[in-house]
Amino acid sequence: MRTDQLIRTFVEYYEERGHRRITGSTLLPPPGDPVLFTTSGMHPLTPYLEGRPHPLGKRLVNVQRCLRTTDLDEVGDATHLTVFEMLGTWSLGDYGGPLSLDWGYGLLTEGLGIDPGLLHATVYAGDDRTGRDTDSLELWQGLGVPVELTVEDNWWPKSVDDNEGDGPVGPCGPDSEIFLWSGDGPPQSTPTRDDRWVEVWNHVTMTHRRLADGSLAPLPQRNVDTGLGLERLASLLQGKPSVFACDVFDPWRRLVPPLWPLEEPDLRLVSDHLRSAVVVLGDGVRPSSTGRGYVLRRLVRRVLTVLWRQDASRSLGDLPEDLVRHTLDHFRQDVRPGDVLRTLLDEEQRFGRLLERGRRVLARPRFQGPLSEEDFHYLHDTHGLPRDLVTSLRQE
Ligand code: SER
């Protein structure tokens with residue numbers, strides 16, 4: 001099943017169950033939001049999860065593009081991307097967690113044809129703040145799906161550090177996660193002990209609001225917020241070993257290797273970061289030295305560092321326009337591919353000049369030994385050389 005078909009099946013299934021589709025949109029949160037990028041489908045819905053009535057009612061469904069920089073170092077493994085799409089459903093003070101799980105199970109098994117024997121669930125075991133989530137536990141037991149109980153892994157957001165983007169305050173609560181077996185043989189063990197269990201869908205019963213001091217206050221209404229990683233489920237349904245092999249990456253796999261022969265891990269990083277950079281540019285961000293623009297700059301620089309490690313003549317200006325257009329079209333972004341390529345090329349040239357200057361400055365006798373904090377400050381403030389760049393230049 002291709003991703004566009006998967007999106008349609010998902011949305012129609014929930015529309016048949018009274019959900020209204022809200023427009024999934026830009027990666028940029030509204031002004032005033034302290035977070036740089038939208039990190040999950042629920043993010044734009046925060047005011048409604050906290051009690052404001054939503055104009056489309058109490059049952060919503062959505063496809064939301066998300067960007068997570070917390071996962072940057074995991075990019076290249078089988079399941080993480082920087083920009084990904086999240087299919088989401090919400091009950092705003094309407095039905096509860098067990099019905100949400102029951103519908104989720106129905107969609108996965110009957111709607112998408114997944115063998116029920118390949119599913120595993122996790123459920124919140126309870127701690128001194130709130131009790132065990134027995135409703136979800138009983139639902140899964142009734143469906144015959146094996147359950148693992150955990151504490152930290154089944155509270156969303158897991159912790160402030162794990163979810164930098166979701167901030168320290170906001171709606172939270174116990175969740176029940178659905179895992180799909182990706183191994184070759186029959187399923188074994190449990191999700192926390194065997195990573196061939198891949199998390200595909202998280203159903204959060206939002207019961208509380210986390211306050212700035214870390215304490216929990218009950219929400220005026222109980223909500224259910226679910227999120228399903230599109231590319232992750234698509235790759236499993238398509239029998240592919242990683243998200244990079246699902247249909248979303250077909251054009252990247254076809255067009256990048258003839259241009260730049262790369263080993264698989266580098267191909268994954270280059271494809272992920274360039275695709276993310278195109279989407280971020282498509283949403284109107286420009287490279288800069290702070291905030292969103294700096295995230296974009298880091299993505300582009302990571303790509304160039306990989307490309308130039310083998311061949312310094314490689315240039316982003318050679319990227320086929322078709323590749324950029326394919327990504328912009330997929331995300332319905334009305335931007336000219338040529339403009340995106342020009343910005344990438346400008347950024348490349350800027351980085352090239354910075355590297356040259358960096359090498360020259362770092363060759364001075366003063367910087368031959370270990371660098372002090374003062375040296376790092378000087379290199380940054382006087383020569384515009386960020387710490388991570390200095391560190392990587394010294395490893396050359
Ligand atoms: N907010 C939850 C998540 O991001 C479910 O949508 O996983």
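All figures in this text were calculated on a predicted structure; none of them were measured in a lab. Both counts, for ligands and for their atoms, begin at 1 and track the order of listing.
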query = With a 3.5 Å cut-off and no angle check, do the side chains of Asp77 and His80 form a donor-acceptor pair?
reply = yes
message = Just by distance, no angles: are the side chains of His383 and Tyr378 close enough, under 3.5 Å, to form a donor-acceptor pair?
response = yes
Please tabulate, one pair per line, all N/O donor-acceptor pairs under 3.5 Å involving side-chain atoms of residues 169-182, not counting sequence neighbours.
residue: Asp175; atom: OD1; partner: Asn154; partner atom: ND2; Å: 2.9
residue: Asp175; atom: OD2; partner: Asn202; partner atom: ND2; Å: 3.4
residue: Ser176; atom: OG; partner: Thr122; partner atom: O; Å: 2.9
residue: Ser176; atom: OG; partner: Trp140; partner atom: NE1; Å: 2.9
residue: Trp181; atom: NE1; partner: Gly183; partner atom: O; Å: 3.3
residue: Trp181; atom: NE1; partner: Gly185; partner atom: O; Å: 2.8
residue: Ser182; atom: OG; partner: Arg196; partner atom: O; Å: 2.8

query = Does a side-chain heavy-atom distance below 4.5 Å link Leu6 with Leu230?
reply = yes
ask   = Looking at residues at least two apart in the chain, or sitting in another chain, which of them share a side-chain hydrogen bond (donor to acceptor under 3.5 Å, both in side chains) with Gln349?
value = none
query = Who are the side-chain hydrogen bond (donor to acceptor under 3.5 Å, both in side chains) partners of Asp375, not counting sequence neighbours?
reply = Arg366, Ser372
List below, pair by pair, the N or O atoms of ligand 1 and of the protein that are less than 3.5 Å apart, including the distance to 0.1 Å; reply 'none' if no pair qualifies.
residue: ligand 1; atom: 1 (N); partner: Asp225; partner atom: OD2; Å: 2.8
residue: ligand 1; atom: 4 (O); partner: Arg68; partner atom: NH2; Å: 3.3
residue: ligand 1; atom: 6 (O); partner: Asp225; partner atom: OD1; Å: 3.0
residue: ligand 1; atom: 6 (O); partner: Asp225; partner atom: OD2; Å: 3.4
residue: ligand 1; atom: 6 (O); partner: Gly227; partner atom: N; Å: 3.2
residue: ligand 1; atom: 7 (O); partner: Trp156; partner atom: NE1; Å: 3.4
residue: ligand 1; atom: 7 (O); partner: Asn202; partner atom: ND2; Å: 3.1

